[in-house]
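Okay, structure first, notes after.
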Amino acid sequence: STLTGQRNSSCMNCTMATYNPFYGQSSCINCPAGRYSTKIGNDSIAGCFPCVEGQYNSASGSTKCIDCPAGTYKLTTGGTFSSCLDCPTGTYNPNTGANYECPQCPAFTKNPYTRQTSYSAC
């Protein structure tokens with residue numbers, strides 16, 4: 001595990017959501033936005049895992065990711081809130097954390113608005 005500090009007797013593990021790839025440092029680096037970590041003592045950014053599809057986080061140093069809201073979806077890993085895409089017109093999505101494209105409105109219905117969360121919008 002990676003330690004911070006100048007002497008072994010005063011070195012401490014990097015806390016959760018941080019890492020340090022260098023020796024002799026007095027602080028650790030926050031995992032960047034779009035990544036998270038619950039492990040103590042990360043020695044590289046590889047210990048900061050990207051948020052999975054359907055989730056994001058916008059703050060560095062995060063220990064968890066957040067589901068994209070209903071009416072949106074996200075097909076990529078990592079990313080901040082802006083990577084949660086609005087459901088386009090003609091679609092809807094009532095679920096949070098969608099890692100799939102928004103379902104289309106059924107035949108003979110329409111939805112002229114984006115980011116709709118209910119079938120009743122069709």
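Side chains included, hydrogens not; waters and symmetry mates left out as well; all remaining heavy atoms used.
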Flag side-chain contact, heavy atom, 4.5 Å: Cys51 against Ile66:
no

Output yes when a side-chain donor or acceptor of Asn111 lies under 3.5 Å from a complementary backbone atom of Tyr113, and no otherwise.
yes

Ser82 OG to Lys74 NZ distance, which is reported to the nearest 0.5 Å:
10.0 Å

So, taking the atom named OG in Ser83 and the one named OH in Tyr56, what distance separates them when rounded to the nearest 0.5 Å?
9.0 Å

Would you compute the distance between atom CG of Leu85 and atom OG1 of Thr76 and round it to the nearest 0.5 angstrom?
7.0 Å

Side chains of Gln55 and Asp67 only: does a donor on one sit below 3.5 Å from an acceptor on the other?
yes

Hydrophobic cluster identity match, Val52 and Phe49, side-chain contacts under 4.5 Å:
no

Between Asn93 and Thr117, is there a donor-acceptor pair closer than 3.5 Å when you use the side chain of the first and the backbone of the second?
no

Kindly indicate whether the side chain of Arg115, heavy atoms from C-beta on, has any atom under 4.5 Å from the side chain of Thr72.
yes

Closest approach of Thr89 and Pro112, non-hydrogen atoms and distance?
CG2-O, 3.2 Å

Distance-only donor-acceptor check, side chains Ser37 and Asn42, under 3.5 Å
yes

Interatomic distance, CD@Glu53 vs OG1@Thr77, rounded to 0.5 Å, equals 6.0 Å

How about Cys14 and Tyr19: do any of their side-chain heavy atoms sit closer than 4.5 Å?
no

Kindly assign one of parallel, tilted or perpendicular to the pair Tyr119 and Tyr92, based on the angle between their ring planes and the thresholds 30° and 60°.
perpendicular

Taking the side chain as C-beta and beyond, is there a heavy-atom pair between Cys31 and Ser60 under 4.5 Å?
no

What I want to check is whether the side chains of Asn95 and Tyr100 have a donor and an acceptor closer together than 3.5 Å.
yes

Do Cys87 and Gln116 touch side chain to side chain, with heavy atoms closer than 4.5 Å?
no

Closest approach of Pro94 to Ala70 (non-hydrogen atoms, all atoms of both residues)
O-CB, 3.5 Å

Out of curiosity, Gln104 CD to Cys102 SG, how far, rounded to the nearest 0.5 Å?
10.5 Å

Student check: side-chain heavy atoms of Thr63 and Tyr36 closer than 4.5 Å:
no

On a heavy-atom basis, which atom in Ala59 and which in Ser62 lie closest, and how many Å separate them?
O-OG, 2.8 Å

From CG (Asn20) to CG (Asp43), nearest 0.5 Å:
9.0 Å

In short, Pro21 meets Ile29 closest at the heavy-atom pair CD-CD1, 4.1 Å

Side chain Asn57, main chain Gly34, donor-acceptor under 3.5 Å
yes

